[in-house]
Participant: 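This is the structure, below, for whatever I ask next.
Each chain gets a letter, A, B and so on, in the order the sequences are listed, and its residues count up from 1. Every heavy atom of this structure was used, including side-chain atoms; hydrogens, water molecules and symmetry mates were not.
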There are 2 protein chains.
Amino acid sequence: MVLGYTMAKKADRLEAIREAHSLETETAHTDRMEDYLEVIYELIKKKGYATTIDISKYLNVSSPSVTKMVQKLDESGHLNYEKYRGIVLTEKGTSVAEGMHEKHNLLVEFLKMIGVKDDIANIDAEGIEHHLHPETLKKLEDFVKAAKKNISR
Amino acid sequence: MVLGYTMAKKADRLEAIREAHSLETETAHTDRMEDYLEVIYELIKKKGYATTIDISKYLNVSSPSVTKMVQKLDESGHLNYEKYRGIVLTEKGTSVAEGMHEKHNLLVEFLKMIGVKDDIANIDAEGIEHHLHPETLKKLEDFVKAAKKNISR
DNA sequence: TACTAATGTTAGCTAGGGTTAAATTTAAAA
DNA sequence: TTTTAAATTTAACCCTAGCTAACATTAGTA
Ligand SMILES: [Mn+2]
Ligand SMILES: [Mn+2]
Ligand SMILES: [Mn+2]
Ligand SMILES: [Mn+2]
């Protein structure tokens, strides 16, 4: 059964929190970089290119903030940036962006499934998408898939 | 049925992202403040008091970082702080901390339910707990409650 | 082609949250 | 009660990510 689980003895909450906070981030990029990459990716997918102004519009930040972040993403190898000319995602940047897209997708799908309304599902997905362990992602996928199957039965 | 939902036409992802990023935070406290309050609350619950060193240990930060944040939390009215003496959570601080405790609880419970292992559930809960809309929280509660009922049937 | 409007970038500043090194204060031991 | 050790705080920094104002470039219009 999907929901077969056992109630573990309530382990020390503080130890769990300590464990959670003691992890070093191995990703080498920040949540905010992920947000920018996500938007750049969606813009390129939709219009073929991503302008400073469009990025700033969808992230609700000023254009200088976009320029600065784009320079940083160029430095970190997530995209190639030519001043005044344009942005191209690298393999690396595309991979991160696609990951965000999938996570966001999955989360919205799940949230809507349990009855959360569309706009709120998207708002929460935007926050949660940065904090999913691969294992969690996998289990959530399995769950959503199984739930879909049950519905269409 | 718990999982009755309809597949909405895939609305523009960019618009959804824009909507999500256009929200002003009405909470007046940061995610990090929430983390500190959570740990302080758990420490006091367990030992009766929360020292600088213990807080630093469970958040994996240096003691000066703790002192600084505690000063800020005093300023914001979440706790009363007496230099070198100690910390007492106010009504306001307690309320925030209890909220974190509940959200963390609920998330771990749900994640374990779908098969995520204990330690990873806690790690993800620690990240996600700051990004749950009240509506999402409610639906997740309902879901977990319903799932529990089904198991014990 | 010359001028103007739109777009993009740079400069300089802010706030949040973190660090290490150097005081202070409190607690423990002699 | 003095001396030493532990805990805490302050000082002086760092980095991320944001902003406004000013400047530079590109694109569109006359
Ligand atoms: Mn997203
Ligand atoms: Mn996001
Ligand atoms: Mn937590
Ligand atoms: Mn947390």
Side-chain angles (χ1 to χ4, degrees), chain A residues 17-18 20-25 27-40 43-44 47-76 78-88 96 126-127 130, chain B residues 18 20-40 43-44 47-88 96 126-127 130-131:
Chain A
I17 292 176
R18 162 132 98 146
H21 284 287
S22 74
L23 257 58
E24 63 264 9
T25 314
T27 39
H29 62 254
T30 64
D31 292 1
R32 216 50 184 131
M33 288 164 84
E34 292 182 345
D35 279 333
Y36 277 85
L37 288 169
E38 185 185 10
V39 164
I40 290 166
L43 279 168
I44 291 177
K47 320 176 52 172
Y49 52 89
T51 65
T52 300
I53 282 191
D54 276 348
I55 299 167
S56 82
K57 182 167 100 186
Y58 290 107
L59 284 171
N60 200 38
V61 296
S62 69
S63 38
S65 298
V66 174
T67 298
K68 207 194 276 185
M69 181 59 93
V70 164
Q71 288 164 345
K72 170 182 286 190
L73 289 168
D74 179 275
E75 279 303 312
S76 63
H78 290 94
L79 51 79
N80 294 316
Y81 162 63
E82 271 183 272
K83 235 199 212 188
Y84 293 108
R85 293 263 137 240
I87 290 168
V88 182
V96 171
E126 201 50 52
H130 310 285
Chain B
R18 163 134 97 145
H21 284 287
S22 74
L23 257 61
E24 63 261 10
T25 314
E26 72 279 346
T27 39
H29 62 255
T30 65
D31 291 1
R32 216 50 184 132
M33 287 164 86
E34 292 183 345
D35 279 332
Y36 277 85
L37 288 169
E38 186 185 10
V39 164
I40 290 166
L43 279 168
I44 291 177
K47 321 176 49 172
Y49 52 90
T51 66
T52 300
I53 280 192
D54 276 348
I55 298 167
S56 82
K57 181 168 101 187
Y58 289 107
L59 284 171
N60 200 38
V61 296
S62 68
S63 37
S65 299
V66 174
T67 298
K68 209 193 275 185
M69 181 59 94
V70 165
Q71 287 164 345
K72 169 183 286 189
L73 289 168
D74 179 275
E75 279 305 311
S76 62
H78 289 95
L79 51 79
N80 295 316
Y81 163 60
E82 271 184 89
K83 235 197 211 188
Y84 292 107
R85 293 262 133 243
I87 291 168
V88 181
V96 172
E126 200 51 52
H130 310 284
H131 305 279

Participant: How is A/Thr67 classified with respect to the nucleic acid when contacts are heavy atoms under 4.0 Å: base, sugar-phosphate, or nothing?
Facilitator: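 Result for A/Thr67 = base.
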Participant: Specify the separation, in whole Å, of atom NZ of B/Lys68 and atom P of D/dC13.
Facilitator: 13 Å
Participant: Go along nucleotides 21-28 of chain C 5' to 3' and tag each nucleotide: B for a protein heavy atom under 4.0 Å from its base, S when only backbone or sugar atoms are that close, - otherwise.
Facilitator: B--BSS--
Participant: Once you round it to whole Å, what is the distance between P of D/dT16 and CD of A/Glu75?
Facilitator: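 Answer to the nearest Å: 12 Å.
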Participant: Between B/Asn60 (CG) and C/dG17 (P), how many Å, whole number?
Facilitator: 17 Å
Participant: Between A/Ala20 and B/Glu126, what is the shortest heavy-atom contact and its length?
Facilitator: CB-CB, 3.7 Å
Participant: Please report, rounded to the nearest Å, how far the C1' atom of C/dG18 is from the NZ atom of B/Lys72.
Facilitator: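 In whole Å, C/dG18 C1' and B/Lys72 NZ are 11 Å from each other.
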Participant: Who pairs with A/Ile53 by side-chain contact (heavy atoms from CB on, under 4.5 Å), at least two apart in sequence or on another chain?
Facilitator: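 By the side-chain contact (heavy atoms from CB on, under 4.5 Å) rule, A/Ile53 matches A/Thr51.
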Participant: Using a 4.5 Å cut-off on heavy atoms from C-beta on, say whether the side chain of A/Tyr36 contacts that of A/Leu79.
Facilitator: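 A side-chain contact is absent here, since even the closest heavy-atom pair is not under 4.5 Å.
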Participant: Report the distance from atom CD of A/Gln71 to atom C1' of D/dA17, rounded to the nearest whole Å.
Facilitator: 13 Å
Participant: How many whole angstroms separate atom CG of A/Asp31 from atom C1' of D/dC15?
Facilitator: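 Taking CG of A/Asp31 and C1' of D/dC15, I get 15 Å after rounding.
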Participant: Measure from OH on A/Tyr36 to C1' on D/dT16 and round the result to the nearest Å.
Facilitator: 11 Å
Participant: Which pairs would a plain distance check flag for residues 67-75 of chain B, meaning a side-chain donor or acceptor within less than 3.5 Å of a matching protein atom at least two apart in sequence or in another chain?
Facilitator:
{"residue": "B/Thr67", "atom": "OG1", "partner": "B/Ser63", "partner atom": "O", "Å": "3.4"}
{"residue": "B/Asp74", "atom": "OD2", "partner": "B/Tyr81", "partner atom": "N", "Å": "2.8"}

Participant: Contact class for B/Ser62 vs. all strands (heavy atom < 4.0 Å): base, sugar-phosphate, or nothing?
Facilitator: base
Participant: Say you draw a straight line from CD of A/Glu34 to NE2 of A/His29; how long is it, rounded to the nearest 0.5 Å?
Facilitator: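 Taking CD in A/Glu34 and NE2 in A/His29, the distance rounds to 3.5 Å.
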Participant: Check the phosphate of D/dA17 against A/Ser65, side-chain N and O only, distance under 4.0 Å to OP1 or OP2. Yes or no?
Facilitator: no
Participant: Considering all heavy atoms of both residues, which atom of A/Asn60 and which atom of B/Ser22 are nearest to each other, and what is their separation?
Facilitator: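 That closest heavy-atom pairing would be ND2-CA, 3.6 Å.
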Participant: Using side-chain contact (heavy atoms from CB on, under 4.5 Å) as the criterion, point out the one residue from B/Ile87, B/Leu59, B/Asp35 that pairs with B/Ile40.
Facilitator: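 Answer after filtering B/Ile87, B/Leu59, B/Asp35: B/Ile87.
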Participant: Nearest-Å distance, NZ (A/Lys57) to P (C/dA6)?
Facilitator: 16 Å
